[in-house]
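Notes for the one structure printed next.
Order of the sequence lines sets the chain letters (A, B, ...), proteins ahead of strands, with each chain counted from 1.
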Amino acid sequence: MTVRTRFAPSPTGYLHVGGARTALFNWLYARQHGGTFILRIEDTDEKRNTEEARQVIYDGLNWLGLDWDEGPDKGGPFGPYQQSERSDIYAKHLAVLEAGGHLYEDNGAIRFRSPRKTVVVEDLICGRIEFDMSNPATHPDMTIRRPDGSWIFHFVNVVDDIEMKLTHVIRGEDHLSNTPKHIELYNALGVTPPKFAHIPLILNTEGKKLSKRDGGSSITFFMDGGYTPEAVANYLCLLGWSPGDNRERLTMAEILSLFDLAKVNRRNAIFDLDKCFWLNGQHILAMSLARFAELAKPFVDKAGIAYGTDEALIQALAIVKAKVKHLSDVPDWIAFLFSDEFSFDPEAVEKSLKKPGALGRLKALEASLLTVSDWTHVTVEAALKETALALGVKTGELVHPARVAVSGRSVGPGLYEIFEVLGKDRTLARFERARSLAAE
RNA sequence: GGCGCAUUCGUCUAGGGGUUAGGACACAGCCCUCUCAAGGCUGGUGCACGGGUUCGAAUCCCGUAUGCGCUGCCA
């Protein structure tokens, strides 16, 4: 039987990181088994059913690199893939339950009569759990349809999973206690339940279920905040799962080959933004320049940096790639390379340019650089070091004022790389301009 | 309240009867170094508690505590 998994979010207008991880685990499981990954929109609550809200989910999943085989926008053999359009299907199954004598009316709502037996859940992650459902006081009969005819989650969720032929239901642990109720429904409908796997929840720094109000609870936060999809997906996997060999940075291909649903632990995890941030830097460091450019360009464009050609942009990106931690920081890191209109950090000026003798050293370096014909980071480095030697000063004595002269700051990419990207003329022009700021 | 699940450094985790309890983030110091990063080295902090079982328990069992979840005509 071919594996079929699904991600079934409610279109609330944002994609929760917990939901994203659930989607990721479902996607991984399906892809590992040559199965089918389905996207189903659970919009029984009409208010939530907007095109924009669905788009946020599509965008988030796409961004993470999770593609689905069947869904509202893709179609498929068991559609429609939005619950708001499946009322006839639910009515059909309601009739089956009705015929089986499983239903009764309560103030206009329809309830399912529990068989009142012990239900065993065999969970792929949590193991075997027995639920004693015999006491109606503690496990009341669930409502499956409201008086106004609208449907309740538990029922439509089960019906859809049956209709869409799900083989594995991988979802948050908050549904573990709902599972016996769902199994009662499967039994009443005469269907063998799918395999269940309940994954631990993601909590905020207070240890509470991560909610909309928590910073970083939405995938949009990471998309806009300059995180790479590879880092976020990687980090999400590491919450509750480990490759077991002390490795942290993993590519999606590696995760695909190593991930094992059965090895997912049962502990809720607190989302640690610091580590996600670190992982982001690690991925940026490891990724190709082309990929970095692809990811960084939207941020650069949004900042309105006039970089001219793509080649020029890539040349600039190459010298900041190893330093940048957030894609959103890129514009600030490269802006001075494309405009002379940068500001001088007063502190940097004070520390380097106002240092006694800075002007003389700058002039000496300028003279030396003037003679460099084949202008590359290698030749300018040689020129600078020769100058330092001739002056009898440490290279830092030249590097620091030069850095401030050409960039206005004390931190940035490697100085020689900056020189190379700037080119000889612009470098020297900036030296000249900085003279007025330098101390004798 | 009832039911379910969980409990290893601050955080994420490895380890599932005998380990100096390992790694990562964060933090501190040092090295490297043109800055910032990266990288390298070093350091501190941890098996919730109490009982068992056992020659031996972080590991198995039972309790307690704590946390989270469910207990909706939310999903």
So salt bridge (charged side-chain N to carboxylate O under 4.0 Å, His left out) across residues 134-150 of chain A, not counting sequence neighbours, yields A:Arg116-A:Asp141

Touch check for A:Asn268, heavy atoms < 4.0 angstrom, all strands: base, sugar-phosphate only, or nothing?
-> sugar-phosphate

- Task: Write down the distance separating the C1' atoms in B:U20 and B:C3, rounded off to the nearest Å.
- Result: 43 Å

Pairwise P distance for B:A58 and B:G16, with rounding to whole Å: 14 Å

Tell me whether the side-chain N or O atoms of A:Arg266 pair up with the base of B:C5 as donor and acceptor below 3.5 Å, since no angle test is needed here. no

Aromatic centroids of A:Trp27 and A:Phe259 separated by under 6.0 Å:
no

On the nucleotide B:C70, are OP1 or OP2 found under 4.0 Å from the side-chain N or O atoms that A:Lys209 carries?
yes

Partner of B:A57 under the Watson-Crick or G-U wobble criteria, both distances under 3.5 Å, comes out as none

**Request:** Please measure how far the C1' atom in B:G22 lies from the corresponding atom in B:G15, and state the result in whole Å.
**Result:** 8 Å

**Message:** At less than 4.0 Å, is any side-chain N or O atom of A:Thr143 found next to OP1 or OP2 of B:C73? Yes or no.
**Reply:** yes

For B:C3, the nucleotide meeting Watson-Crick or G-U wobble distances (both under 3.5 Å) is B:G69

As its Watson-Crick or G-U partner within any shown strand, both distances under 3.5 Å, B:U20 has none

Phosphate OP1/OP2 of B:A75: any A:Thr44 side-chain N/O under 4.0 Å: yes

Pairing partner of B:G44, by Watson-Crick or G-U wobble and under 3.5 Å for both distances, is none

Checklist entry - How are the rings of A:Phe222 and A:Phe271 set to each other: parallel, tilted or perpendicular (split at 30° and 60°)? => result tilted

A:Leu201 atom CG is separated from B:G4 atom C1', nearest whole Å, by 12 Å

Query raised in the report: Which value, in whole Å, describes the distance between the P atoms of nucleotides B:G46 and B:U33?
Result: 36 Å

If the cut-off is 4.0 Å, is A:Gln83 near the phosphate of B:C74, judged by side-chain N/O to OP1 or OP2?
no

Report which part of the nucleic acid A:Gln282 touches: base, sugar-phosphate, or nothing (heavy-atom distance under 4.0 Å, all strands).
sugar-phosphate

Check: Roughly how far apart, to the nearest Å, are B:A37 and B:C30 at atom P?
Finding: 14 Å

Presence of A:Arg409 side-chain N/O under 4.0 Å of B:C36 phosphate oxygens OP1/OP2 | no

In numerical order, the residues of residues 117-136 of chain A whose heavy atoms come under 4.0 Å of RNA chain B are A:Ile129, A:Phe131

Q. Which part of the nucleic acid, if any, lies within reach of A:Thr138 when heavy atoms closer than 4.0 Å are counted: base, sugar-phosphate only, or nothing?
A. sugar-phosphate

Check: For B:G72, does either OP1 or OP2 sit under 4.0 Å from a side-chain N or O belonging to A:Arg146?
Finding: no

